[in-house]
Amino acid sequence: MGNKLKGKDLIKLGFPKNNSINIALGQINRYRKREKKERILEEAKEVLLNPGKFQNNPIWGKVVEGLIKPVEVKLHQLKNTRAPFTIYGENEIDEQAKYQLYDALKLPIAVAGALMPDAHVGYGLPIGGVLATENAVIPYGVGVDIGCRMCLTIYPIKTSYLKGKKHQLENILSNHTKFGMYETHDKKHDHEIFERQEFNDIPLLKRLKVKAFKQLGTSGGGNHFVEFGKVTITDVHNEWNLDIGEYIGVLSHSGSRGLGANIAKHYTYLATKQCPLPKNVQHLAWLDLNTHDGQEYWLAMNLAGDYAKACHDDIHYRIGKLLGSKAVAKIENHHNFAWKETINEKECIVHRKGATPASRGELGIIPGSMTAPGFIVRGLGNDKSLNSASHGAGRLHSRRKCKEKFTKSDIKQQLKTHDVTLIGGGIDEAPMAYKDIKKVMNNQQELVEVLGTFTPKIVRMDK
DNA sequence: ATGTAC
């Protein structure tokens with residue numbers, strides 16, 4: 001009965017009647033419902049007396065914000081001019097993706113933007129879109145799969161193993177990688193990421209911790225993969241002093257699983273509430289980084305990014321052990337993320353939604369398709385691209401179109417031609433669904449230089 | 001992308 005803390009109780013104490021106490025109240029009742037009401041009321045009194053003390057408190061921070069400086073909710077209009085931008089390979093990019101970028105460039109917080117040569121339409125910001133903003137982060141400018149990333153490990157193993165030990169390698173992928181929405185790794189070593197304070201401080205993350213633990217080291221679905229292939233190093237001056245030549249590589253592509261998806265969902269919801277925009281651009285709603293929710297998203301996003309890295313590390317560690325070989329190089333990068341970077345001498349939030357960071361000297365991996373090589377790249381630090389490059393070949397056909405257009409035997413034929421073994425994989429992930437990676441690389445010669453290639457030979461995807 | 005929906 002009177003055990004549950006209600007808005008009335010807080011208002012009686014003297015809290016102002018506004019929406020921000022409701023949001024916070026929801027959090028208190030959700031995450032501290034086992035505590036005695038009296039205890040929370042005592043704490044609430046102290047919050048009123050000394051709000052500043054609770055400014056960064058994970059539970060009261062939001063209430064305090066409502067007391068001291070409530071988030072101003074107002075309908076923002078788009079400007080009628082675009083912030084400066086550059087498009088790479090514009091003849092290969094569909095018009096709708098360009099219009100999505102143009103809209104984003106008219107946001108009052110936009111500073112600059114760029115479109116990578118693999119760009120195509122997305123939700124909010126296009127995939128392959130880069131957007132720099134001022135003191136604000138757009139959850140849909142990062143994307144649903146926060147920290148989706150690539151990781152390539154190079155082993156000093158003869159490439160003849162790809163044929164000679166084909167069945168063993170197939171077994172490693174079949175038995176030691178986990179694909180599909182529901183897959184988990186239940187018995188595994190702990191990971192230091194689960195000691196992170198964010199899992200205790202942020203109520204949403206507290207709820208997601210168990211799920212994240214179960215899913216560590218899984219790959220998920222969609223376009224995610226783990227594959228063995230042939231690495232060809234072509235740059236004598238490579239960072240690892242590797243001889244020019246061929247090696248075996250393990251390449252993985254996946255993100256932050258349910259953890260990141262739920263973070264994206266939660267903060268997108270908050271952003272659309274706090275930042276109403278004209279309907280056609282409502283998915284570009286942002287969180288001001290000076291607000292409680294903005295700061296919380298930043299912490300949660302960074303945790304999801306580190307978690308995605310932890311998943312790749314787990315996958316590569318396990319495979320490395322099974323291979324019984326010591327890696328000679330590892331290249332990895334996020335391609336769905338936001339960073340604090342300096343643009344025109346101003347600190348900005350640079351969103352890369354399906355774009356590879358490519359500041360001068362920065363290494364990355366840009367995959368092709370299962371029948372086309374990926375590229376090990378070194379950034380050239382091109383300002384106009386906001387230090388970015390493509391994150392792959394980019395889709396040519398939508399998932400739906402693939403199912404209409406291609407058959408299983410079409411895919412089989414392609415795999416045979418390129419001597420690729422596929423475990424799992426659906427028609428919507430047909431290699432023909434992707435643009436020509438060579439064309440894409442040609443369109444970004446000013447953005448990255450190539451150190452080597454990775455040619456997939458044994459590929460595992462979700463069914 | 002994700003236990004497809006505040």
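Letters go in sequence order (proteins before strands), and every chain restarts at 1.
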Could you tell me the separation between the [atom1] atom of [X] and the [atom2] atom of [N], rounded to a whole number of Å?
X	N	atom1	atom2	value
D145(A)	dT2(B)	CG	C1'	9 Å
R207(A)	dC6(B)	CZ	P	11 Å
Y267(A)	dT2(B)	OH	C1'	17 Å
K178(A)	dT2(B)	NZ	C1'	19 Å
K211(A)	dG3(B)	NZ	P	5 Å
N262(A)	dC6(B)	CG	C1'	13 Å
K265(A)	dT4(B)	NZ	C1'	8 Å
L204(A)	dC6(B)	CG	C1'	13 Å

Practice item. Using a heavy-atom cut-off of under 4.0 Å over every strand shown, decide if G221(A) touches base, sugar-phosphate, or nothing. Key: sugar-phosphate

Check your understanding: Across the strands shown, which category fits G255(A) at heavy-atom distances under 4.0 angstrom: base, sugar-phosphate, nothing?
Key -> nothing

**Study point:** By side-chain contact (heavy atoms from CB on, under 4.5 Å) - contacts of H418(A) (at least two apart)
**Key:** T371(A), Q414(A), V420(A)

Study note, to complete from the structure: Picking from dT2(B), dG3(B), dC6(B), the nucleotide nearest the side-chain atoms of Y269(A) would be dC6(B)

Review point. For dG3(B), does either OP1 or OP2 sit under 4.0 Å from a side-chain N or O belonging to Q215(A)?
Key: yes

Check your understanding: Do R257(A) and T218(A) come within less than 4.5 Å of each other through their side chains, counting heavy atoms only?
Key -> yes

Exercise for review: Could you name each residue pair satisfying salt bridge (Lys or Arg N to Asp or Glu O under 4.0 Å) that touches residues 452-463 of chain A, not counting sequence neighbours?
Suggested key: none

Practice item. Please determine, by modelled atom types, if Q55(A) and W60(A) share a side-chain donor-acceptor pair under 3.5 angstrom. Key: no

